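What you see is a predicted model; the values in this text were computed from it and never measured.
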Amino acid sequence: MKFYEALYASSQSIVARRRTIVLPILVIIAGIALPYVCMSIFGDAKYDDLNSSMVLIGIALAVGGGVWLLGRLVGSGEPYHKDKGCFLTTRTLSFDRSRRLEVLNAIGSGDAAKLFALPTCEVSALCVMVSHTADNSFVAAQAFEYAELEYRELCGVTVLKK
């Protein structure tokens, strides 16, 4: 949460915005309508297995859409770049501890290409949270190191590209 708060404070262009609720509502409507449409088309007793399957699929769609809708309605939203008109993608890059200096130099110098070019690993001893647009025209990053059963900040949120 501190990463997102610092991200919003780092630039006037970054705000918290909720994603649209249209798709989850459409999935709920499809889940409710599917059994009725199937039963009206295949109303014979010989299609009972198909109708039962469509009811099960409809319930799954309606419940899944409801959970999706609830997720969209709860919370403060996701990072959104007002000038570019798009949501930011946030991901975590994991590096070997021996690359600490390289990672900090890439973040400190504002070189996003150098940071993305560094080889990653599976062990998350050194992590970098990166929030960026799809075309990498805006990139913000913060490095963390795992020590004594917690992640500690190695640097603040740094905007690499505006």
Side-chain angles (χ1 to χ4, degrees), residues 1-43 47-95 103 107 112 115-116 120-162:
M1 290 307 283
K2 289 181 182 180
F3 174 77
Y4 290 114
E5 291 170 5
L7 181 64
Y8 298 138
S10 69
S11 175
Q12 296 292 330
S13 299
I14 307 300
V15 295
R17 183 175 286 178
R18 289 194 176 134
R19 290 188 183 262
T20 181
I21 60 171
V22 172
L23 283 174
I25 289 175
L26 289 176
V27 170
I28 292 170
I29 292 170
I32 293 170
L34 183 66
Y36 292 114
V37 170
C38 188
M39 284 182 199
S40 66
I41 294 172
F42 303 106
Y47 295 112
D48 282 346
D49 291 340
L50 176 65
N51 290 332
S52 296
S53 298
M54 290 302 120
V55 168
L56 181 63
I57 291 171
I59 290 171
L61 283 173
V63 169
V67 170
W68 191 9
L69 178 64
L70 185 64
R72 292 269 173 105
L73 293 175
V74 176
S76 61
E78 298 178 36
Y80 183 81
H81 198 290
K82 291 189 303 188
D83 299 337
K84 307 281 184 198
C86 64
F87 285 95
L88 299 180
T89 301
T90 302
R91 60 185 173 143
T92 303
L93 303 174
S94 300
F95 299 99
V103 169
I107 293 173
L115 180 65
F116 292 139
T120 59
C121 69
E122 298 296 320
V123 180
S124 57
L126 177 64
C127 293
V128 177
M129 281 194 71
V130 179
S131 239
H132 60 91
T133 56
D135 62 353
N136 288 337
S137 59
F138 176 87
V139 180
Q142 184 177 18
F144 298 91
E145 184 174 36
Y146 189 75
E148 298 177 15
L149 303 176
E150 67 179 359
Y151 282 100
R152 295 192 180 151
E153 295 178 10
L154 292 177
C155 64
V157 174
T158 305
V159 177
L160 306 179
K161 283 185 177 181
K162 289 188 179 193

Quick check: does any side chain N or O of E145 sit under 3.5 Å from a backbone N or O of L154, one acting as donor and the other as acceptor?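 No: the side chain of E145 does not pair with the backbone of L154.
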Please, which pairs that meet side-chain hydrogen bond (donor to acceptor under 3.5 Å, both in side chains) have at least one residue in residues 17-35, sequence neighbours excluded?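 side-chain hydrogen bond (donor to acceptor under 3.5 Å, both in side chains) check on residues 17-35 returns R17-Y80, R19-E78.
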Going by the side-chain hydrogen bond (donor to acceptor under 3.5 Å, both in side chains) test, which pairs reach into residues 48-72, not counting sequence neighbours?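 Every pair satisfying side-chain hydrogen bond (donor to acceptor under 3.5 Å, both in side chains) with a residue in residues 48-72: there are none.
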Minimum heavy-atom distance between [X] and [Y], given as atom pair plus value:
{"X": "C127", "Y": "T92", "result": "CB-CG2, 3.9 Å"}
{"X": "V123", "Y": "C121", "result": "O-SG, 3.2 Å"}
{"X": "K84", "Y": "S137", "result": "CE-OG, 3.1 Å"}
{"X": "T133", "Y": "C86", "result": "CG2-SG, 3.7 Å"}

Are the side chains of F138 and H132 in contact, using a 4.5 Å heavy-atom criterion?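 No, too far: nothing below the 4.5 Å cut-off.
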Heavy-atom side-chain contact between V27 and L23 under 4.5 Å: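 A side-chain contact is absent here, since even the closest heavy-atom pair is not under 4.5 Å.
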Flag if over 12 foreign heavy atoms under 6.0 Å of CD, Q12: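 Open: at most 12 neighbouring heavy atoms sit under 6.0 Å from CD of Q12.
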For the residue pair Y47 and F42, categorise the inter-ring angle as parallel (less than 30°), tilted (30 to 60°) or perpendicular (more than 60°).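 Ring orientation, 0 to 90° scale: tilted.
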Can you tell me how far OG of S131 sits from OH of Y8, rounded to the nearest 0.5 angstrom?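 The OH atom of Y8 sits 8.0 Å away from the OG atom of S131.
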